[in-house]
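Report on the following structure.
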2 protein chains.
Amino acid sequence: MGYSISQVAEKFDLTAHTIRYYDKEGLLPFIDRNKAGNREFSDGDLEWVKLICCLKNTGMPIKQIKLYIEWCLQGDDTLEIRRQMFIDHRKEVLKQMDDLKENLKTIDYKLELYDSGCSIPLNGNKS
Amino acid sequence: MGYSISQVAEKFDLTAHTIRYYDKEGLLPFIDRNKAGNREFSDGDLEWVKLICCLKNTGMPIKQIKLYIEWCLQGDDTLEIRRQMFIDHRKEVLKQMDDLKENLKTIDYKLELYDSGCSIPLNGNKS
DNA sequence: TTAACACTTTGAGTTAGCTCTAAGTCAAGT
DNA sequence: ACTTGACTTAGAGCTAACTCAAAGTGTTAA
């Protein structure tokens with residue numbers, strides 16, 4: 001039977017509004033409609049939505065995701081460029097994780113200070 | 001002597017525009033001016049800028065950071081609420097790292113497919 | 001058949017976080 | 001004295017990603 005837009009929204013913690021917006025932006029050109037004209041998502045479509053969420057949640061802009069979808073539609077000629085996109089994006093995700101780890105250190109340091117009951121004045125270090 | 005706005009911008013990979021914007025938004029109420037009226041950052045100020053960047057880069061909204069700065073200005077009465085803020089924020093950073101790891105798995109899976117030279121049709125799984 | 005409800009579209013509005021422009025000030029170098 | 005260049009402000013403009021409103025259509029339940 002397929003899934004309705006609100007079922008998909010629920011499943012991926014999006015709103016139906018957002019999914020329609022993605023569709024309008026060209027991220028979901030493959031979604032079928034039923035006789036009533038409503039979007040009907042197949043299990044295969046859910047995999048695409050999952051990938052789109054993955055890319056979006058790792059900071060890829062909507063426009064770049066749209067480009068990727070277009071490459072997919074173009075067929076095997078774009079296999080290599082798509083592969084390269086994932087290689088590049090993977091590198092960025094690793095960078096994000098590194099940055100996050102670095103920032104976690106700063107936060108942990110602040111927490112140590114707060115846990116030790118130490119008050120830090122704003123104008124602490126004016127030299 | 002202190003640092004000029006563009007030196008600080010350079011150091012933290014921001015623009016002078018952005019630093020003025022942060023100042024306008026109330027994130028830098030403690031920055032001194034020289035006789036010419038230009039902002040002059042001390043070494044202690046740089047620590048504050050570093051913390052602000054850390055919070056911003058881990059997803060804390062400008063308004064929340066501003067609130068934190070205000071709490072700092074209010075003195076020791078707000079020590080506990082500030083400590084709690086860091087505890088909460090730390091949790092969110094850990095969540096971000098988890099999410100990133102999850103998404104990395106999806107990306108690695110896609111890369112495996114692309115590396116195996118396997119073409120995946122768009123309408124793959126219509127049931 | 002009527003009400004409720006989930007869906008549809010177009011297009012406007014919102015928010016966060018910058019980003020830039022215009023017009024001007026100030027200090028240093030020639 | 002004049003030019004250069006970094007700084008200042010107020011305020012407008014921009015982009016991404018939603019978010020919503022209005023008006024309408026189609027299906028289901030009483």
Side-chain angles (χ1 to χ4, degrees), chain A residues 1-42 45-46 49-70 89 92 96 99 103, chain B residues 1-42 45-46 49 51-69 89 92 96 99 103:
Chain A
M1 257 246 34
Y3 308 86
S4 73
I5 196 168
S6 52
Q7 284 174 315
V8 177
E10 166 105 69
K11 211 182 266 282
F12 290 97
D13 203 23
L14 301 167
T15 67
H17 283 311
T18 301
I19 293 174
R20 282 192 208 102
Y21 164 71
Y22 288 169
D23 195 4
K24 193 167 57 179
E25 293 301 305
L27 268 48
L28 303 167
F30 42 80
I31 303 300
D32 286 338
R33 304 293 181 119
N34 59 21
K35 322 131 219 155
N38 297 359
R39 291 172 187 80
E40 198 167 278
F41 293 72
S42 71
D45 295 336
L46 293 196
V49 176
K50 185 188 167 189
L51 180 61
I52 287 166
C53 288
C54 165
L55 295 175
K56 187 208 64 170
N57 290 332
T58 49
M60 185 178 287
I62 301 291
K63 279 181 186 171
Q64 174 64 54
I65 301 175
K66 176 199 165 96
L67 204 51
Y68 168 73
I69 299 289
E70 282 168 359
H89 191 59
E92 284 185 23
Q96 288 178 41
D99 290 350
N103 285 322
Chain B
M1 257 245 35
Y3 307 86
S4 73
I5 195 169
S6 52
Q7 285 174 315
V8 177
E10 166 103 67
K11 211 181 265 285
F12 290 98
D13 204 24
L14 301 167
T15 67
H17 283 312
T18 302
I19 293 175
R20 284 192 206 100
Y21 164 71
Y22 288 169
D23 194 4
K24 195 165 58 177
E25 293 300 307
L27 267 49
L28 303 168
F30 43 79
I31 303 300
D32 286 338
R33 303 295 180 116
N34 61 19
K35 322 132 218 150
N38 296 0
R39 290 171 187 81
E40 200 168 276
F41 293 72
S42 71
D45 293 338
L46 293 196
V49 175
L51 181 61
I52 286 167
C53 287
C54 165
L55 295 175
K56 186 207 64 169
N57 291 332
T58 48
M60 185 177 287
I62 302 291
K63 279 181 188 172
Q64 174 63 55
I65 301 176
K66 176 198 164 99
L67 204 51
Y68 168 73
I69 298 289
H89 191 60
E92 284 185 23
Q96 288 178 42
D99 290 349
N103 285 322

TODO: Identify the heavy atoms of A:A9 and A:A16 that sit nearest to each other, and give their distance.
DONE: CB-N, 3.7 Å
Open item on the list: If I take atom CG from residue B:N103 and atom NZ from residue A:K50, how far apart are they, to the nearest 0.5 angstrom?
Closed with: 9.0 Å
Open item on the list: Using whole Å, what does the distance between atom P of nucleotide C:dT25 and atom CZ of B:R33 come to?
Closed with: 16 Å
- [ ] Pull out every residue in residues 56-65 of chain A that has a heavy atom closer than 4.0 Å to any atom of DNA chain D, ordered by number, or say none.
- [x] A:K56, A:P61, A:I62, A:K63
- [ ] Could you pull out all residues at least two apart from A:Y68 that satisfy ring-ring contact (aromatic ring centres under 6.0 Å, His included)?
- [x] A:F86
TODO: Please examine the side chains of A:D99 and B:T58, heavy atoms only from C-beta on, and report whether any two atoms are closer than 4.5 Å.
DONE: no
What N/O pairs connect the protein and nucleotides 10-13 of chain C at under 3.5 Å? Give each pair on its own line.
none

- [ ] Provide, to the nearest angstrom, the distance between the CD atom belonging to B:E25 and the C1' atom belonging to C:dG17.
- [x] 9 Å
Task: Distance (rounded to the nearest 0.5 Å) between A:Q96 CD and B:Q96 CD - done: 9.0 Å
Open item on the list: Rounded to whole Å, how long is the line connecting atom CG of B:D32 with atom P of D:dT8?
Closed with: 13 Å
Anything under 3.5 Å between a donor and an acceptor, one on a side chain of residues 19-29 of chain B, the other on a protein residue two or more places apart or in another chain? List them.
residue	atom	partner	partner atom	Å
B:D23	OD2	B:R39	NE	2.7
B:D23	OD2	B:R39	NH2	3.3

- [ ] Specify the separation, in whole Å, of atom CZ of A:F41 and atom P of C:dC7.
- [x] 10 Å
TODO: Choose from C:dT8, D:dT9, C:dC18 the nucleotide whose nearest atom is closest to any side-chain atom of A:R39.
DONE: C:dT8
Open item on the list: For a side-chain contact (heavy atoms from CB on, under 4.5 Å) check, start with the C-alpha distance between B:S42 and B:I31, then their side-chain angles and the critical distance, and finish with the verdict.
Closed with: CA-CA 8 Å; B:S42 71; B:I31 303 300; over 6 Å; no
Task: Rounded distance [0.5 Å steps], NZ in A:K56 versus CD1 in A:I65 - done: 8.5 Å
- [ ] Kindly compute the distance separating OG1 (A:T15) from CD1 (A:I5), expressed to the nearest 0.5 Å.
- [x] 8.5 Å
TODO: Kindly indicate, with the supporting measurements, whether the criterion side-chain contact (heavy atoms from CB on, under 4.5 Å) is fulfilled by B:I69 and B:I52.
DONE: CA-CA 9 Å; B:I69 298 289; B:I52 286 167; 4.2 Å; yes
Open item on the list: Rounded to whole Å, how long is the line connecting atom CG of A:D23 with atom C1' of D:dA17?
Closed with: 16 Å
Open item on the list: Using a strict heavy-atom distance below 4.0 Å, which residues from residues 2-15 of chain B are in contact with DNA chain D?
Closed with: B:S4, B:I5, B:S6
Open item on the list: What is the separation between atom CZ on B:R20 and atom C1' on D:dA12, rounded to the nearest whole Å?
Closed with: 16 Å
Task: Reading 5' to 3' through nucleotides 21-30 of chain D, protein heavy-atom contacts under 4.0 Å coded B for base, S for sugar-phosphate only, - for none - done: -----S----
Open item on the list: How many whole angstroms separate atom OH of A:Y21 from atom P of D:dT15?
Closed with: 13 Å
Task: Point-to-point distance, once rounded to the nearest 0.5 Å, from NZ of A:K66 to CE of A:M60 - done: 15.0 Å
TODO: Kindly indicate whether the side chain of A:E70, heavy atoms from C-beta on, has any atom under 4.5 Å from the side chain of A:L67.
DONE: yes
Task: Integer-rounded Å distance: D:dA17 C1' and A:I19 CD1 - done: 15 Å
- [ ] Could you tell me whether the phosphate oxygens of C:dC18, OP1 or OP2, come under 4.0 Å of any side-chain nitrogen or oxygen in B:Y22?
- [x] yes
Task: Spatial distance of atom CD (B:E10) from atom CG (B:D13) [nearest 0.5 Å] - done: 8.5 Å
TODO: Would you mind telling me which of B:D45, B:V49, B:L46 makes a side chain to side chain contact (heavy atoms under 4.5 Å, CB included) with B:Y3?
DONE: B:L46
